[in-house]
Amino acid sequence: MPQSPETEDDLPEQMRVRREKRQRILDAGEDPYPVTVERTHTIREIVESYDAEGLGPDHHTGVTAAIAGRVIFLRNTGKLCFVRLREGDGTEIQAMLSLAEVGEERLGEFKQLVDIGDHLQVTGEVITSRRGELSVMATSWRLAAKTVRPLPVEHKPLSDEARSRMRYVDLIVRPEARENVRVKAAVLKSLRATLDDRGYIEVETPVLQHTNGGAAARPFDTHVNAFDEDALLRIALELHLKRALVGGIDKVYEIGKTFRNEGVDNTHNPEFMMLEAYEAYGSYDTMAELTRDLVVNAARAVGKTVVPARDGGTIDLEAPWRRATIHELVAEATGADVTPTTTEEDLVALAERHDVALQDHWGAGEVLLELFEKLVEHTLIQPTFVCDYPESVRPLAKRHRSVPGLVEAWDLIINGVELSPAYSELNDPVIQRERLEEQARLAAAGDPEAMDVDEDFLRALEFGMPPAGGMGLGVDRLVMLLQGIGIREAILFPISRRE
RNA sequence: GGGCCUCUAGCUCAAUUGGCAGAGCAGCGGACUUUUAAUCCGCGGGUUGUGGGUUCGAGUCCCACGGGGCCUACCA
């Protein structure tokens, strides 16, 4: 835990010692935090250039290198010191400091002043040690940046709390933490590449909004001082990307943060990365193909096309994906006959038989959705497109081309978790207004997640939005799936309470 | 929101029935020119989350508050 002691005397012993070392360096006329240090090679360049086994032990390459990295291991023996340096990508190399090469004074200072955790620069010949390990035999050393706080023990895992609160420390001591960062970057790069290859245009749209819309969620409140107006943080990207569609950006996507002022648990963080893509003249069928490509390409990009499932099995993302209607899935799970014409009364009775609690104001659509979420969703381990929802639970989707009462929408479930929704997008401004006004009635009745009537969005639709397919994808959840980790590991700096 | 668990040295964890607060790593001093979580000798390091209470005596028991976790509920 960070501390702010009143005086130096209050510092924990190890911090006091390290501060004293910093001061001693200053007193000796050296800079413990130089602007820059000499660096002729990255550690990676050296490690990749030499094959220590091929060279054999005690080999001298005759090549002099200046390298820098964080001290992660230190062995101060009498006249020969060993120090393991690591650079940001995780590459490590050993440096050796001998009495013969650096002299008694500098060797003594090294032992006195350098700690595990410091950033250190050494210059010397690239050699192999007597044990055959690729090393730099230093002729000089210099601190690149002094570390005044002791690092945690490398061999014991940090507590979960310390991991997420002090990710900077987690990244130093845990390779998986570093890997998660790089995997997420690779996933983002792959998502963009898949979309860019198909001719999609990336845009950015406002985070600060006047109305709540695009999803069912509680927003964060904020305030715009310049207008003295209250505002909201967006819960989805949808309504602005559709405005872009109206304007003729026929294939459009955005990757960005969205914010939902709701629960925090192992699959929910209040701010999270969302991808949404819209394609003019597409439909939820073309979005299914796109989504599968996005997920499979991302999986290939990080070399994880077969991932562990939470039921102990595995998921082969390259295998065929199932497609089933929500009615079929609920029927399958309950053994009851469930179809789009099943009455609300029968659905309520079915919920009672399966101990699914309902809310009074729900209609048939909400009851069906609740049955699905409580009885089916967590059982869908292999990738499944859950299709064709009741109109009332998907207010932004277009009516089904052949089944009355349904809309063309699907949810992709993998490993029991919703990863991606998609619609054939509603573009009739009259019906859209009716649906949003119904949402506004729910909001007025106290539903904190209901959407507002976004008059500007409706005005845009009135100018004509082409028929379109649209999809969304939770980027953090894709990383969770590929890495088999929770959301607090998939997000570099997840939310936590003020300390 | 409800229930259960947890918070002790820089880190990870011990501490019997309420009876001197400990270990490993890390740190400090010493030895060691080939170490890999070195080894050996010696030494420091604590407001036991915070505030109350019970008690001759509290890390331990009670109350309140705070942080974290799990389950549950809610929330796509």
Per the under-4.0 Å heavy-atom filter, residues of residues 95-112 of chain A near RNA chain B come out as A:Met96, A:Leu99, A:Ala100

Note to self: Salt bridge check, A:Glu13 against A:Arg16: does any charged N sit closer than 4.0 Å to a carboxylate O?
What the structure shows: no

5'-most contact on RNA chain B (nearest-nucleotide basis), A:Arg260 vs A:Met15, goes to A:Met15

TODO: Report yes or no: is there a donor-acceptor pair, N or O only, under 3.5 Å between the side chain of A:Glu133 and the base of B:U36?
DONE: yes

Taken to the nearest whole Å, CG/A:Asp115 to P/B:C11 is 16 Å

Any strand, both distances under 3.5 Å, Watson-Crick or G-U wobble: B:C25 pairs with B:G10

In whole angstroms, the gap separating C1' of B:G10 from CD of A:Glu154 amounts to 15 Å

Checking B:A37, B:G27, B:C74 against the side chain of A:Glu13 (C-beta onward), the nearest is B:G27

A:Asp170 atom CG is separated from B:U12 atom P, nearest whole Å, by 11 Å

Does A:Gln14 contact B:A26 through a side-chain donor or acceptor facing the base, at a distance under 3.5 Å?
yes

Side-chain contact check for A:Ile116: nearest option of B:G27, B:G10, B:C32 is B:G27

Here the residues of residues 44-67 of chain A within 4.0 Å heavy-atom distance, strictly under, of RNA chain B are none

| field | Integer angstrom distance from the P of B:U55 to that of B:A14 | value | 31 Å

Q: Answer yes or no for A:Arg323 and A:Tyr284: cation-pi contact, defined as NZ/CZ to six-membered ring centre under 6.0 Å and angle to ring axis within 45°.
A: yes

Sidechain N-carboxylate O distance under 4.0 Å for A:Arg399, A:Glu434: no

Would you indicate whether the side-chain heavy atoms of A:Ile67 and A:Val122 approach each other to under 4.5 Å? yes

The nucleotide from B:U12, B:U34, B:G24 with an atom nearest the side chain of A:Val153 is B:G24

note: A:Glu20, atom CD; B:G27, atom P; distance rounded to Å ~ 15 Å

What distance, rounded to whole Å, do you find between the two C1' atoms, one in B:C7 and one in B:G46?
-> 15 Å

Whole-Å distance, A:Lys21 NZ to B:C28 C1', equals 9 Å

Scanning all shown strands, the Watson-Crick or wobble mate of B:C65 with both distances under 3.5 Å is B:G49

**Request:** Using a heavy-atom cut-off of under 4.0 Å over every strand shown, decide if A:Leu158 touches base, sugar-phosphate, or nothing.
**Result:** sugar-phosphate

field: N-O pairing of A:Glu30 and A:Arg24 below 4.0 Å
entry: no

Next item on the list: Report yes if the side chains of A:Val114 and A:Val83 come closer than 4.5 Å at any heavy-atom pair, otherwise no.
Entry: no

**Interatomic distance at P, B:U12 relative to B:G68, whole Å** = 16 Å

Of the candidates B:U33, B:C74, B:G10, the side chain of A:Leu80 sits closest to B:U33

| said: Counting the atoms with a prime plus P, OP1 and OP2 as sugar-phosphate, which does A:Asn261 contact under 4.0 Å by heavy atoms, base, sugar-phosphate, or nothing? | reply: nothing

side-chain hydrogen bond (donor to acceptor under 3.5 Å, both in side chains) with A:Arg234: of A:Thr205, A:Thr211, A:Thr258, only one passes, and it is A:Thr205

Atom pairs under 3.5 Å: protein N/O with N/O of nucleotides 67-72 of chain B:
residue, atom, partner, partner atom, Å
B:G67, O3', A:Arg165, NH2, 3.0
B:G67, O2', A:Glu161, OE2, 2.9
B:G68, OP1, A:Arg165, NH2, 3.2
B:G68, OP1, A:Arg497, N, 3.3
B:G68, OP2, A:Arg497, NE, 2.8
B:G68, O4', A:Glu161, OE1, 3.4

**Asked** Are the charged groups of A:Glu328 and A:Arg322 less than 4.0 angstrom apart, N to O?
**Response** no

From CD1 of A:Ile172 across to P of B:G10 the rounded distance in Å is 18 Å

Exercise for review: Using a strict cut-off of less than 4.0 Å between a Lys/Arg side-chain nitrogen and an Asp/Glu carboxylate oxygen, indicate whether A:Arg394 and A:Glu238 qualify as a salt bridge.
Suggested key: no

Q. What's the verdict on side-chain contact (heavy atoms from CB on, under 4.5 Å) for A:Arg18 and A:Thr147, showing C-alpha distance, side-chain angles and the deciding distance?
A. CA-CA 7 Å; A:Arg18 285 165 181 244; A:Thr147 294; 4.0 Å; yes

**Asked** Base, sugar-phosphate alone, or nothing: which one does A:Gln94 contact when heavy atoms must sit under 4.0 Å apart?
**Response** base

If you apply the rule side-chain contact (heavy atoms from CB on, under 4.5 Å), what do you find for A:Gln483 with A:Glu176, and how did you get there? CA-CA 10 Å; A:Gln483 292 294 85; A:Glu176 294 82 359; over 6 Å; no

For a quick check of understanding: with a heavy-atom distance under 4.0 Å over all strands, which category does A:Lys79 fall into, base, sugar-phosphate or nothing? base

Note to self: What's the gap between B:G3 and B:C43 when it is taken at their C1' atoms, as a whole Å value?
What the structure shows: 48 Å

Worksheet item: What distance, rounded to whole Å, do you find between the two P atoms, one in B:C41 and one in B:A21?
Response: 27 Å

In whole angstroms, the gap separating P of B:G27 from CZ of A:Arg22 amounts to 20 Å

Between CZ of A:Arg16 and P of B:G10 the distance, given in whole Å, is 12 Å

Is there a side-chain contact between A:Ser135 and the phosphate of B:U34, meaning an N or O under 4.0 Å from OP1 or OP2? no

- Item | Parallel, tilted or perpendicular: rings of A:Trp321 and A:Phe385 (30°, 60°) | tilted

Is it true that A:Glu391 and A:Arg435 have a side-chain N and a carboxylate O under 4.0 angstrom from each other? yes

